[in-house]
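Computed over heavy atoms, backbone and side chain alike; hydrogens, waters and symmetry mates excluded. By convention here, the first residue in the shown sequence is residue 1.
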Amino acid sequence: MTSSTQEFAKDGGNHVLLMMEGEGRRRVSVDHFPFRIGRQESNDLVVSDPTVSRIHAEIVREGNLLVLVDAGSRHGITVNSRKVDRWVLQPNDQIEFGRASGVRAVFDPPPSADASSLLDQLALWRSTSATDLEQLRILLEAVRRFHSARAIEEIYPAVLEFSLQITNAERAYLFTLTDTGSPCLAYGRNRQGDRIYDDSTISHSVLVEVLRSGDEILVADTQREASLNERESIQVQSLRSIVCIPLLRRAVQPPEASPVFGVLYLDSQYRSEAFGDVGRDVLRSMAEDAARLLENAHLVLADEKARRYEQELAIATRIQEHLLSVHMPACPFAMVSARTLPCKEVGGDFFDVIVKDSAIYVVFGDVCGKGVAAALMASILQGTAYAQFLVERPLVEIAQVANHLILDKCMEEKYATAVLIRVDSSGHAEVVNCGHVAPLLVKDGHCASRTTITNFPIGMFADARFEAEHLQLAQGDQLMIVSDGVTEAENCTGDFFGESRLVASAGLAEPELILQAVLDFASGTPLSDDCSILQIQYHGRHEAGR
């Protein structure tokens with residue numbers, strides 16, 4: 001930390017933490033070391049949140065540096081949206097402790113970084129001098145503070161406006177990179193302030209060259225540059241001046257990834273003497289600061305996206321818990337038991353059971369994908385099957401109704417595998433398998449056979465036809481249905497639990513024991529999908545009426 005950084009913002013010569021808790025704000029002086037932070041009352045800074053550990057973190061001095069260190073907390077610390085164990089503090093660093101909702105600290109903020117004065121500074125913001133990038137940093141602070149998507153969108157045009165003024169160019173473009181590394185226009189504007197949506201008239205050869213080399217190209221007069229004056233795009237568009245500067249990450253993760261995450265491109269149809277006046281160092285500094293702004297803005301967007309994903313995940317979790325919390329109805333001639341071993345993400349497993357007159361109906365399914373969309377589709381399919389079971393509609397017709405429903409609603413090209421089963425008091429079992437793992441017939445504690453008729457999954461083809469398979473169960477026989485999360489569970493060497501292990505464990509008395517066999521096989525390897533098992537055990541006709 002430089003001496004200028006040390007003097008950035010202090011109360012009585014001390015460093016400052018600006019604590020923002022909900023609508024409240026307080027400035028805490030960091031006046032001794034170690035400076036302890038946590039839920040315990042004896043700490044120098046008390047954060048009263050149950051996700052914050054009693055002694056969560058501390059700030060220590062190492063020479064001229066102040067370092068934030070995790071004190072072995074349960075939920076860790078986050079600085080500028082990144083999880084860290086230790087961090088050399090810099091002015092305006094954003095700190096979060098554990099999962100404390102609505103609680104954030106800013107280290108050494110500007111003395112005027114309270115909400116009202118910050119907004120006053122934003123109202124005075126202009127892009128007219130070399131200090132404008134500092135004003136943009138203040139704008140970014142407002143983005144972080146108030147989570148305003150509109151303010152984030154203002155960063156692109158603000159950077160381009162400043163770039164146009166400092167270079168005296170006519171057009172300015174910001175490009176970001178796709179996952180494949182190709183440039184994608186993020187924003188464009190001209191000197192008159194009009195938005196530009198088309199990048200077909202720029203020199204793409206210059207853009208590609210900068211992406212490949214990672215070096216800037218600054219040309220005040222293309223006619224004097226032998227390497228440029230013969231390029232077709234430059235000649236066709238009569239481009240005389242070009243500025244193309246790579247935007248570089250502060251740290252490349254992973255190490256083999258490109259350090260370039262975007263490009264700032266400007267051009268003119270006339271010669272610009274301003275390039276020489278400004279100088280390469282100023283333009284390079286401008287690009288570095290612009291890169292920091294955009295990188296931080298993307299972190300804000302990523303943070304907001306993660307927050308929305310967590311909210312959606314919570315909704316999907318509640319939906320799936322409801323789908324899997326099925327009350328097993330009493331049946332005089334059969335017993336149904338089911339269990340689910342959830343993975344970390346919300347999957348699309350679902351099942352339901354209903355007893356109607358002299359038969360028991362079961363639906364067991366798995367929607368492709370995860371999250372809210374999969375959970376909603378599972379809910380729709382479960383509800384559709386339940387309603388059709390109540391009127392005792394044939395299973396083949398139920399599959400056709402569900403298939404048409406999903407396709408008619410155009411549910412984002414999702415589909416589901418499912419098994420529909422009807423067992424009556426005589427032991428007659430009807431099975432409609434819609435692309436699911438084939439159910440097992442278990443006799444005398446051993447897997448006797450598997451169903452052989454498999455139809456298309458639900459929601460895949462509009463003209464799909466469904467066929468039922470018929471079995472005769474004897475007293476004590478079991479039908480067992482599993483989700484593909486069981487057969488595709490992996491161990492540390494990448495081997496699957498597979499069909500053979502499933503068949504070998506089919507004779508275990510209860511779903512819990514089979515799931516335990518899956519866990520023993522995985523040996524701590526996280527599950528990649530939910531593992532669900534449902535068993536129907538036929539007691540026999542003589543049990544009816546008891």
Side-chain angles (χ1 to χ4, degrees), residues 308-309 312-313 315-324 326 338 340 342-343 345-354 356 359 361-422 429-439 450-470 479 481-488 528-532 534:
R308 289 197 302 269
Y309 176 75
E312 292 180 359
L313 202 61
I315 295 171
T317 300
R318 289 195 294 270
I319 294 173
Q320 190 181 37
E321 287 175 350
H322 174 72
L323 294 177
L324 298 176
V326 176
T340 293
C343 67
E345 295 190 61
V346 179
D349 288 7
F350 66 95
F351 52 79
D352 209 347
V353 182
I354 183 172
K356 183 68 175 177
Y361 292 84
V362 172
V363 59
F364 185 104
D366 183 6
V367 176
C368 73
K370 303 181 185 300
V372 173
L376 287 175
M377 184 171 169
S379 181
I380 291 172
L381 289 174
Q382 187 192 56
T384 300
Y386 186 89
Q388 300 298 314
F389 288 162
L390 288 177
V391 297
E392 299 185 270
R393 194 165 186 175
L395 299 187
V396 167
E397 294 183 13
I398 295 175
Q400 290 173 342
V401 168
N403 188 59
H404 291 151
L405 174 65
I406 298 305
L407 287 169
D408 288 345
K409 297 302 180 182
C410 301
M411 297 192 66
E412 298 182 359
E413 300 182 354
K414 285 192 174 296
Y415 65 90
T417 64
V419 178
L420 302 170
I421 298 177
R422 180 185 183 274
E430 181 183 2
V431 180
V432 176
N433 183 1
C434 305
H436 200 78
V437 178
R450 308 196 69 156
T451 58
T452 58
I453 298 178
T454 302
N455 303 280
F456 287 117
I458 293 173
M460 184 169 284
F461 299 108
D463 58 350
R465 296 293 180 264
F466 298 91
E467 182 182 355
E469 185 169 351
H470 298 271
L479 275 176
I481 311 102
V482 305
S483 64
D484 58 8
V486 173
T487 55
E488 295 177 5
S528 60
D529 199 358
D530 289 347
C531 296
S532 299
L534 184 144

What orientation do F461 and F456 show, parallel under 30°, tilted 30 to 60°, or perpendicular over 60°?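 Taking F456 first and then F461, their aromatic rings stand perpendicular (interplane angle over 60°).
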Let me confirm one number: the [atom1]-[atom2] distance from [X] to [Y], rounded to the nearest 0.5 Å.
X: M460; Y: C368; atom1: CE; atom2: SG; result: 7.5 Å
X: D463; Y: R465; atom1: CG; atom2: CZ; result: 6.5 Å
X: T417; Y: F364; atom1: OG1; atom2: CZ; result: 8.5 Å
X: I354; Y: L390; atom1: CD1; atom2: CG; result: 4.0 Å

Please find the pair of heavy atoms, one from [X] and one from [Y], that lie closest to each other, and give the distance.
X: A416; Y: P457; result: O-CB, 3.4 Å
X: H436; Y: S483; result: NE2-CA, 3.8 Å
X: A399; Y: V432; result: CB-CG1, 4.3 Å
X: A468; Y: I453; result: O-CD1, 3.7 Å
X: L381; Y: A402; result: CD2-CB, 3.9 Å
X: T340; Y: S532; result: OG1-OG, 3.0 Å

Sole residue of T451, V362, L534 in side chain to side chain contact (heavy atoms under 4.5 Å, CB included) with P439: T451
Residue that, paired with F350, satisfies side chain to side chain contact (heavy atoms under 4.5 Å, CB included) out of V367, I380, D366: V367
Find out whether [X] and [Y] are in side-chain contact, i.e. whether some heavy atom of one side chain is under 4.5 Å from a heavy atom of the other.
X: L407; Y: Y415; result: no
X: K356; Y: Y361; result: yes
X: L420; Y: F466; result: no
X: M377; Y: I406; result: yes
X: T487; Y: D484; result: yes

Between the main-chain N or O of [Y] and the side-chain N or O of [X], is there a donor-acceptor pair closer than 3.5 Å?
X: N403; Y: I458; value: no
X: E469; Y: T452; value: yes
X: N455; Y: E467; value: yes

Does anything in residues 387-399 pair up under side-chain hydrogen bond (donor to acceptor under 3.5 Å, both in side chains), and if so which pairs, sequence neighbours excluded?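 Non-adjacent pairs meeting side-chain hydrogen bond (donor to acceptor under 3.5 Å, both in side chains): Q388-R393, R393-E397.
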